[in-house]
K.L.:
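Here it is, the structure, as structure tokens.
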Number of protein chains: 2
Amino acid sequence: MSRPPASGDVFRAVADPTRRGLLDLLAAEDLPVNDLARSFDMTLPAVSQHLRILREVGLVRERREGRQRFYHLRADPLREMAAWVGQYERFWRRKLQALGAHLERNP
Amino acid sequence: MSRPPASGDVFRAVADPTRRGLLDLLAAEDLPVNDLARSFDMTLPAVSQHLRILREVGLVRERREGRQRFYHLRADPLREMAAWVGQYERFWRRKLQALGAHLERNP
DNA sequence: TTGACAATTAAGCTTTAACTTAAATATAAT
DNA sequence: ATTATATTTAAGTTAAAGCTTAATTGTCAA
């Protein structure tokens, strides 16, 4: 059985600011590890390890091109997060609405 | 100076499944710690510590009532997360659209 | 084929997280 | 006053994260 690639741990994968930064970069364009690493204040292996974690939860894919490895964003696993956080939208919407009503009463 | 209540660490706060569970419970109703703790397979202090972390990032508030402490959801800090993950929506939307187009060509 | 480059894996270290049990605090009930 | 209840804080343990340097693998170029 091939289990769904570490679902649930998407939250943990994305908890780290470096990893969110990596995803943000990859949202713009596919990039090789060296280029990615330049944006962060840590060694190349460290970035490589972060990429491994993103790979494990399916948030990025690797494509080999010569001796470089281009990373490509796969956003799908984030849908789980979007769905979860979406359930809370009504709470802040409710509050905004209350604020609006208040401003209307007290213009 | 009162710094913005630990913004950015909302991701980390919510990375833990127990803490997400707590928020999910509180989305339905305000509850005292004991009632909250019953839902989890760990000691009361452990749950109390999770609640502290949620408090620190402003995701819950405490209201004292007799000797109980009712916790109340404050969803606002999740907006940061919603905004971040929302930026990725276009990616899976694009993919769904591609799938749709494919199915139309190959009915 | 030797050497340089791109990246990962291995090994080790330090910090942080997530628990536990025990002690402390605060309120309520007897 | 004592005792019980609700919760937190303290102290200590274990495991996982996040780094680093060093060693390894694979590809290109001279």
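Letters A, B, ... are given to chains in the order of the sequence lines, protein chains preceding strands, and every chain is numbered from 1.
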K.L.:
Looking only at side chains, do A/His50 and A/Arg19 share a donor and an acceptor under 3.5 Å apart?
P.N.:
yes
K.L.:
Heavy atoms only: give me the nearest B/Trp92-A/Ala75 pair and the separation to one decimal.
P.N.:
CE3-O, 3.9 Å
K.L.:
At under 4.0 Å, does any side-chain N or O of B/Tyr71 touch on OP1 or OP2 of D/dA6?
P.N.:
no
K.L.:
Looking at C/dA7, I'd like to know if its phosphate oxygens (OP1 or OP2) sit under 4.0 Å from a side-chain N or O belonging to A/Asn34.
P.N.:
yes
K.L.:
I need the CG-P distance between B/Asp16 and C/dA17, as an integer number of Å.
P.N.:
11 Å
K.L.:
Quick one about A/Asp24 and B/Tyr88 (side-chain donor to acceptor, distance below 3.5 Å, no hydrogens or angles considered), yes or no?
P.N.:
yes
K.L.:
So which heavy atom on B/Phe40 is nearest to which on B/Gly21, and how close?
P.N.:
CZ-C, 3.7 Å
K.L.:
B/Gln68 has an atom CD; how far is it from atom C1' of D/dA4, in whole Å?
P.N.:
14 Å
K.L.:
Looking at A/Arg52 and A/Glu56, does any basic side-chain N land under 4.0 Å from a carboxylate oxygen?
P.N.:
yes
K.L.:
When you compare the side chains of A/Arg63 and A/Tyr71, does any donor N or O come within less than 3.5 Å of an acceptor on the partner?
P.N.:
no
K.L.:
Using a cut-off of strictly less than 4.0 Å, decide whether B/His50 has a side-chain nitrogen or oxygen near OP1 or OP2 of C/dA17.
P.N.:
no
K.L.:
One thing to verify: whether A/Arg79 and A/Asp76 come together as a salt bridge, which I'm taking to mean a side-chain N less than 4.0 angstrom from a carboxylate O.
P.N.:
no
K.L.:
In whole angstroms, how far is the C1' atom of D/dA17 from the CG atom of A/Leu51?
P.N.:
16 Å
K.L.:
Roughly how many Å is it from CZ in A/Phe40 to C1' in D/dG18, rounded to a whole number?
P.N.:
14 Å
K.L.:
Polar-atom pairs under 3.5 Å, protein N or O versus N or O of nucleotides 14-16 of chain C: list them with distances, or write none.
P.N.:
none

K.L.:
Ignoring the backbone of A/Ile53, work out which of C/dT8, C/dA18, D/dG18 is nearest its side chain.
P.N.:
D/dG18
K.L.:
Base, backbone or nothing for each nucleotide of nucleotides 20-29 of chain D, written B, S, -, heavy atoms under 4.0 angstrom, 5' to 3'?
P.N.:
BBB----BBS
K.L.:
Measure CZ/A/Phe70 against P/C/dT8 and give the value in whole Å, please.
P.N.:
13 Å
K.L.:
Side chains of A/Leu59 and A/Leu26: does their closest heavy-atom pair fall under 4.5 Å?
P.N.:
no
K.L.:
Measure across B/Leu25 and B/Ser39 and return the closest heavy-atom pair with its distance rounded to 0.1 Å.
P.N.:
CD1-OG, 3.6 Å
